[in-house]
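Please read the structure below before turning to the comments.
Values below: every heavy atom of this structure, side chains too, minus hydrogens, waters and symmetry copies. All values reported here derive from a predicted model rather than from experimental measurement.
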Protein chains: 2
Amino acid sequence: MKRSFQIDMPKVETFNRELVIKHATGVFHDKGYNAASMQDLVDATGLNRSSIYNSFGSKLDLFLLCLKSYQYGFHKKTTAVLLDADNAINAIESLFYMYMDIMLKDNNDRGCLITNCVSEMANHDEKITSFLKQNQSSMLDFMEALVKKGQLNNNINTNKTANEYALYLFSSLQGFRMTGILVQNKKHLTSIIKTILQTLN
Amino acid sequence: MKRSFQIDMPKVETFNRELVIKHATGVFHDKGYNAASMQDLVDATGLNRSSIYNSFGSKLDLFLLCLKSYQYGFHKKTTAVLLDADNAINAIESLFYMYMDIMLKDNNDRGCLITNCVSEMANHDEKITSFLKQNQSSMLDFMEALVKKGQLNNNINTNKTANEYALYLFSSLQGFRMTGILVQNKKHLTSIIKTILQTLN
DNA sequence: TTAATTTTGAAACGTTCATTTCAAATAGAT
DNA sequence: ATCTATTTGAAATGAACGTTTCAAAATTAA
């Protein structure tokens, strides 16, 4: 990592870092952290064992990068959805539908990488737990801002505070993602979304 | 397993089968399936390696027994809660509070063993997936019957069918259990429960 | 071309994994 | 006491694990 301090810059990384992380993310997403072996990652990325360690540190370090990349991917998709929506309730609804599309795309959905990570690793590794808490916190902030806007524009009722609805939506979204792993039925999933949102109207 | 066909019945199992499964369940619940090693199970149960294989088959077989035992434990707790409740909406609420108590009891909740299993293993192993689907199906049936009763007694509104509310509650419960892993805050969890139930009134 | 630095490949590291093996100890039924 | 089937303990199995090592190949600035 002293590359920028060097005068010479011989042999530089040849592989596409983003692509490698994308492939690694696929492995972790499909198998989970513990069941994903270094050999799986070697096979999926096309990189050599030692190259992975050279460039990414350890399996856990690589996993953390995948989590962050996944989080960023969500962030990008989300802002795209939000720009399209004319009001808060539609934005939230579109968000759920965006997830549903992802869930139904693969025949065997493996759920949300981050939610799976909560289930598999929360309160075990410190770095992971710290990431998960930060992720949760930013998700809640995001939801709260969205609800607050909806309440100001009278799209969302004020039976509960924005903070309370944010917690509810956060919890509901996790449940929805979990449910979709086994319920691969568009009608059922749509019904769940409608019922989740019913209380906000 | 030909024991019952034998005339003689020498040396019989000495350990308490239920207790062994309870201890094994603790390990699986804490670490997840993949991260739980046979050594962990040997340590936790006090049984010898070979005794575990003799009496329970494989690690996966033992895990399946733990899942079933966990499911049965839920069933027992649930029926106790239901007998105490005077109406369906109270029953559902008590159910969520029952979960909350479990979640707050341990400082570091590890979520629901079965939900974690969905996240870690669904759509991988056939036996596991079959168990999970059966569990989901019976949970949905249970919820639907409860909601139907509530709707008959005018405790639960008929904006949605009992089947739709069952799906919603099932999804919500999973989300609630996931959320509780990182949100160890009674006020927040209580708020989530209230918001989940608001739509049924 | 040379010097500098990284990637690469292949092998090996020591550990841990789930599972098996088997002789010895054990205990119920006769 | 004897027979019979099972549990038990300890060791061993081979495979897979994450990680390290290191010489050779590769690449680029000078």
Side-chain angles (χ1 to χ4, degrees), chain A residues 1-21 23-24 27-28 30-67 117 120-121 124-125 127-128, chain B residues 1-21 23-24 27-28 30-67 117 120-121 124-125 127-128:
Chain A
M1 290 297 139
K2 308 164 196 161
R3 212 176 303 140
S4 49
F5 297 100
Q6 294 300 125
I7 292 164
D8 290 350
M9 286 207 16
K11 180 119 200 213
V12 95
E13 257 180 25
T14 57
F15 58 83
N16 182 336
R17 209 175 167 84
E18 270 187 50
L19 200 60
V20 166
I21 288 180
H23 287 145
V27 173
F28 285 128
D30 183 46
K31 301 203 162 195
Y33 178 76
N34 283 300
S37 74
M38 216 57 201
Q39 190 57 51
D40 293 330
L41 295 166
V42 167
D43 294 343
T45 60
L47 258 69
N48 189 270
R49 252 178 168 55
S50 46
S51 303
I52 296 180
Y53 282 94
N54 255 326
S55 305
F56 299 100
S58 66
K59 184 186 170 189
L60 194 75
D61 289 333
L62 178 56
F63 182 56
L64 271 161
L65 284 175
C66 291
L67 285 174
C117 177
E120 190 177 10
M121 305 173 84
H124 283 275
D125 180 84
K127 271 187 189 170
I128 295 282
Chain B
M1 288 301 139
K2 307 163 198 161
R3 211 176 303 142
S4 47
F5 298 99
Q6 294 301 129
I7 294 163
D8 288 353
M9 287 207 15
K11 180 119 200 211
V12 96
E13 259 180 24
T14 57
F15 57 83
N16 181 336
R17 209 176 168 84
E18 270 187 52
L19 199 60
V20 166
I21 288 181
H23 287 145
V27 172
F28 285 128
D30 183 46
K31 301 202 162 196
Y33 177 76
N34 285 299
S37 73
M38 216 57 200
Q39 189 57 51
D40 292 331
L41 295 167
V42 167
D43 294 343
T45 59
L47 258 70
N48 189 271
R49 252 178 170 56
S50 48
S51 303
I52 296 180
Y53 282 94
N54 256 326
S55 304
F56 299 100
S58 65
K59 184 187 169 186
L60 193 76
D61 289 334
L62 178 55
F63 182 57
L64 271 161
L65 285 176
C66 291
L67 284 174
C117 178
E120 190 177 9
M121 307 174 82
H124 284 275
D125 179 85
K127 270 188 192 170
I128 294 283

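Between Ser51(B) and dT7(D) there is no side-chain N or O to OP1 or OP2 distance below 4.0 Å.
Side-chain atoms of Lys31(A) and Ser37(A), non-hydrogen and from C-beta on, never get closer than 4.5 Å to each other. Using a 4.5 Å heavy-atom cutoff, the side chains of Ile52(B) and Val20(B) are not in contact. Residues Lys127(A) and Leu67(A) form no side-chain contact, since every pair of their non-hydrogen atoms from C-beta on lies 4.5 Å or further apart.
At whole-Å resolution of the value, OH in Tyr53(B) and C1' in dT6(D) are 19 Å apart. Computed from coordinates, the Asp43(A) CG to dG9(C) P distance equals 13 Å when rounded to whole Å. Summarising the geometry, the separation between CZ on Phe15(B) and C1' on dT26(C) is reported as 15 Å, rounded to the nearest angstrom. The distance from atom CZ of Phe56(B) to atom P of dA18(C) is 16 Å, rounded to the nearest whole Å. The distance between atom CG of Asn48(A) and atom C1' of dC22(D), rounded to the nearest whole Å, is 12 Å. Rounded to a whole Å, the CG atom of Asn54(A) is 9 Å from the C1' atom of dT8(C). Counting to the nearest Å, the C1' atom of dG9(D) and the CD1 atom of Ile52(B) are 13 Å from each other. Between the CG atom of Leu60(A) and the C1' atom of dT19(D) there is a distance of 14 Å, rounded to whole Å.
Remark: side-chain polar atoms of Asn54(A) are not paired, donor with acceptor, to backbone N or O of Ser51(A) under 3.5 angstrom.
A cation-pi arrangement is absent between Lys59(B) and Phe28(B) under the rule of less than 6.0 angstrom and at most 45 degrees off the ring axis.
Separation of atoms CG (Leu62(A)) and CD1 (Ile21(A)) is listed at 7.0 Å; rounding is to 0.5 Å.
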At under 4.0 Å between heavy atoms, how does the protein contact nucleotides 11-17 of chain C? Give one character per nucleotide, 5' to 3', with B, S or -.
B-----S

